[in-house]
Structures are given as C-alpha cells and as structure tokens.
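Notes to accompany the following structure.
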Amino acid sequence: MAPKRTKTNKNPSPEPNGMFSGMVVFLVENGVQSLRLQIWKQKLIQMGATIETRLSKKITHVFAMNSNALLQQMDREQLQRFKGRVLLFQWLEDSLRLGEKVLEDSYYVGVDSEGKGDPVKSPVKESADGNTSGSDEPSPQKKMRSSLEGLVDGADKQNNAVKNSPDSPSSSDSLPFALSSTIMSPRTPRTPSQNSSLPYCPPDLNRNITEIFGKLINIYRAMGDDRRSFSYYKAITVIEKLPYKIESADQVKDLPGIGKSMQDHIQEIVTTGKLSKLEHFETDEKVRAISLFGEVWGIGPATALKLYEKGYRTLDDLKNDDSLTYAQKLGLKYFHDIRTRIPRNEVQEMEQLMQKAGEEILPGVVIICGGSYRRGKASCGDLDVVITHPDGKSHKGFLPRFVNHLKNMKFLREDLVFSIHSEEGTDSGVDTYFGLCTYPGRELRHRIDFKVYPRDIHAFGLIAWTGNDVLNRRLRLLAESKGYRLDDTGLYLATQASGGKRGAKASASLKFDTEKEVFDFLGFPWLEPHERNL
DNA sequence: AGGCCGTACTG
DNA sequence: CAGTACG
DNA sequence: GCCT
C-alpha cells in the first residue's frame, strides 16, 4: 500500500472496470447543489470516468440539471459542434442507484439543435422529453434549487427522529414536498427517470447508518460535546443525499464530512448491522441519566452531570432537588407537555389568536410565527414569534402589555425568561420573552418565544428566528468571509464591532428592509422559508 | 494545533 | 462568571 | 467528530 495518492490528489481511486470507465465528462454545475455535485464527481471518478473542467473534443458526455442550466453555461453553437451526449444528472443518479448504467434514451437534455430561434425548446419528441421543465421555466436557477432542495427533506426526519427518539414516531413533514411537486408536475406524463427530477423522493437507503448516527448526536450533545455532535449531524446530511445504499466504507471514502472515524463506523454498521460504540453508550447508566436530564428545559450538560453525581437517576429523583432554578423546575414539571409536538394547524390558530390580541393593544403591529412553523413543518416543537411595528417606534413597550393581555386570556401561563430592552434604547432594542402557553381550552403547555424588533432590523430577526440553525451558521460564516458580522440584529462591518459588545455599538447595522435584500447582499441564493430546512 | 454562530438571560 | 437557550 |  504505497500511499501514492495522498491528499494532494484526492482521487477516489478510480477503478478501471467501474461502470463509468471510458467516459470523459464535463459537468454543467449551474443549479446543482454543491454537495450533490461533489458526490457525483466522486462517484464518477471512482467508477472509472474522467472529469474535464473544460469542454474539449475528448468529452464523451456532458451532464446538466436541465436545458436551461445547460444553455446558461454553453452557447448553442458549442452544443451543435459537440459530438458526445448531453444527459441529465438524473441519469447519473439513477445509474448509481441501480448499480449499472441505465438506458440513456430518456435522459437527453432537450435542446433543439436546429432551432436557432429560441433556446430551450425541444420537448425532445419521441425520446420522452428529457425533462422539459426548462422550457416553461423562466428562472432556471430558482427552480432548480427548489427541486434540489427537496433532497434536504430527509434531514428533517432525521432531525425529528433525533429529537424524540424515544417516543413519537415523529411526524414526517413532507409539506415543502407536496408544494413543489405540484408546481413542477403540470402535465408531463413521467417516465420513471423524470419523476425523480421532482423534489426527489427520499428512498432512505442508509437509514441503518443515519439512525445510529442520530442517536450519537443526542448522546454527545448531552455530554456537552457539541462539536462532535455537529460532526455527526453533518455526516448524516451527506449520507442522506447519497443515491445508493452504502455497502462498504469505500463508497464513502472521501465525501465531505466523512473522515476516518466515520468510515470505520460505517464499515462496522454495514457489516455487523450495529455500532458497538453506541451499544456501549446505551447501556451506560451515566450516559442514560445525563441524556435524560438534559432533555429538561433549562438543564444542560453541566447541570445534568452535577445531578447525576448527586446520585439522581430518574426525573422523579430531580423533583426533590431544590438547587434547580425556577425555570428548570418548570421544565421538569411540564416535561412531557413541552416535548409534545404541536400540529401545524394549531400553531396557525394560535398565531391568529395572537395577531388578534396584538391588534387590540397596538393597531398595525406585525406578528409572525417563525421557527419550524414558518419553515412549513407539519408539526412544531414550539412557537417562535417575531414582532415588529411598521411605524418604527411603537413597538417599544409593547411586549409587557402584550404578555399581560395574553396572560389575562389564559393563553400565556408561566414565564421562563423575560427581558426588556426597547424602553431605554439600551442594548439592541430587542425585547424577548420565553414562556409557556396553552392552546385555547387545554392545559397542555407549549414553549413559546416572543422577540420584538424595531422595524429597521426586523428582517434580521426574521431570518435568525426562522432558521434553521444550520442556515444561520452558514449565513454568519458567509458574512464573516466577506468582512461582516451577522446576527439577529443586523449586519455590521466586521472590524469595528467585532471585539466590543453590542451595547457599545459604535456602528449601526447596514439597512435592509426585507430578508431577500440580506440574502442578496451576502450573495446567498434566496430561499423561501420552506426551503430553509437545511 | 486549533477552529468549529453569535447573543442574552439566570443565578 | 459559567451554564443554558434560541434559531 | 471534521477540516485546514
């Protein structure tokens, strides 16, 4: 084993006899989610293909998402001269899944080679139109994205599964799905290949692996090892996008976020069906207790450990402890209530209730339910309410009155955190409230958060509190890479505000009125709320 | 070896 | 200050 | 845990 090809040449060791051997391909990257592109590249190379970064005569195949993406990168003259085949990425996807090259006929990208008039026409008559979606699609990128983004859906499930692994089978939310699929399937009778070009049904191959990794996420988080936990989270999102079932660690070798340890774990899982490391954790009394305690609102890794060391092992044990804070006691008392997910329609009703209540106190007030609700989930763990007022000033002092009103209505029941900043104009001017509420006529407690923003930074609050957390991190990292600092109150030039805290605030945030302006400024492709389940 | 989001409340 | 939470 |  001469380590000939080290990191410099990150070749996934091409197999001369791989199913793609002999192919020389050029990839049209427009509108392809980078992660999937990376996976495709890796598999192509690994299975014998050669990837060229420029269009040359050696090319045997060109791959693109659709005709629009294709034409965006290549002019039609090039195309006419090109002798090889132009296929949809879907062909790759399907071939990988089936383990052999599928018939290319129904995957030709429909660009009419004769028609000079307008680009992207050709429904590719007999050959079952290689996804004409391009032809009636004005903005290819956006559409592409949405179809790709559907892939992410699987991650959600994992999320849920992760969060309440013990009980609820968890509602899978396929909402964004249904949405785009309706949009995208106007008429075309679909061949099997095409229909997979719509949001993408998550075949959920590799559930065996992601399920185990999901448990590790929770365990490491409970132990306070967020970094490691996040690594497993990222690995899951990568694995879920694979179009094939993993049968060997080799197939996963140099995918992003999958290093030595992950490979070893995957190898063990695919060969033995389990992971001894996890089994060990699950039978460990300490790990079990800490994981359990950590699920109580207000109790994190440090407190959970202390409680364990005091000898506690069950939630009942904790009730006898008076070292818990007020909020933690509430979290304990309503442990099961808070863990109960809220059906989307009930959240909607409560949002309307709050909008009505808000209007009574302050006409014109804007009350939006963010979080997973705004991201279109079928059920929500809590309510995340972002509030502002268009006049830019009367949001001040609103929150206390609003909270009182809602308490009188018996909608709000208990307080967890209550802070007010807007009055003095100190700090960021964002008022916050965390508490427990109930659906009208019920006693079941739900977590609810309010944040009141001045109008001019409202867009930032909306982005931050719509999430998800992964998107927030990505946006913040992107901002930082461009010399800015992003948080829920604004976008600042990095240098100055960087060290000092917000209160000082030598510099004001850049002004943006809408979420989209922020995305655009950062150069991040716009995502509708329901597309932000990264 | 060291980074891995950024902020605010509680006690 | 450490711990916890929020997305 | 992964990545640089």
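The figures that follow rest on heavy atoms only: side chains count, while hydrogens, waters and symmetry mates do not. Within every chain, numbering begins at 1; the chains are lettered A, B, ... in the order of the sequence lines, protein sequences first and strands thereafter.
Residue A:D431 contributes atom CG, which lies 12 Å from atom P of B:dA8 at whole-angstrom precision. Rounded to whole Å, atom P of B:dG6 lies 16 Å from atom OH of A:Y484. Rounded to whole Å, the distance from CZ on A:F460 to P on B:dG6 is 15 Å. Atom OH of A:Y433 is separated from atom P of B:dA8 by 20 Å (rounded to the nearest Å). Atom P of nucleotide C:dG7 and atom CZ of A:F230 are separated by 15 Å, given to the nearest angstrom. Atom C1' of nucleotide C:dC6 and atom CZ of A:R221 are separated by 13 Å, given to the nearest angstrom. The CG atom of A:N468 sits 14 Å away from the P atom of B:dC5 (whole-angstrom rounding). The separation between A:L486 atom CG and C:dG7 atom C1' is 12 Å, rounded to whole Å.
Between A:R227 and B:dC5 there is a side-chain polar atom (N or O) within less than 4.0 angstrom of OP1 or OP2. A:T303 has a side-chain polar atom (N or O) that falls below the 4.0 Å cut-off from OP1 or OP2 of C:dT4. Considering only side-chain N and O atoms, A:S261 lies under 4.0 angstrom from the phosphate OP1 or OP2 of D:dC2. The phosphate of C:dC6 has OP1 or OP2 within less than 4.0 Å of a side-chain N or O from A:R447.
When distances are taken from the side chain of A:A302 to each of D:dC2, C:dG7, C:dG3, the shortest belongs to C:dG3. Listed nucleotides: C:dG7, D:dC2, C:dT4. Nearest to the side chain of A:S231: D:dC2. For A:W297, the listed nucleotide lying nearest its side chain is C:dA5; candidates were C:dA5, B:dC9, B:dC5. Distance from the side chain of A:R476 is smallest to B:dC5 among B:dC5, B:dG11, C:dC6.
Scored by the salt bridge (Lys or Arg N to Asp or Glu O under 4.0 Å) test, A:E480 finds no partners at all (sequence neighbours excluded). Evaluation of the salt bridge (Lys or Arg N to Asp or Glu O under 4.0 Å) rule for A:K482 yields no partner, not counting sequence neighbours.
Note on A:D225: nothing from the nucleic acid sits closer than 4.0 angstrom, heavy atoms only. Residue contacts shown for A:V238 are absent, as no nucleic acid heavy atom lies under 4.0 Å away. Within 4.0 Å of A:D449, counting heavy atoms only, lie sugar-phosphate atoms of the nucleic acid but no base atom.
For A:R473 and A:F230, the positive end sits near the middle of the six-membered ring, less than 6.0 Å away and at most 45° from its axis. Cation-pi contact between A:R532 and A:W526: present, with separation from the ring centre below 6.0 Å and deviation from the ring axis of at most 45°.
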For this session: In sequence, state the C-alpha distance, the side-chain angles, and the governing distance for A:D415 and A:K407, and then conclude on salt bridge (charged side-chain N to carboxylate O under 4.0 Å, His left out).
Result: CA-CA 10 Å; A:D415 304 334; A:K407 279 182 178 172; 2.7 Å; yes
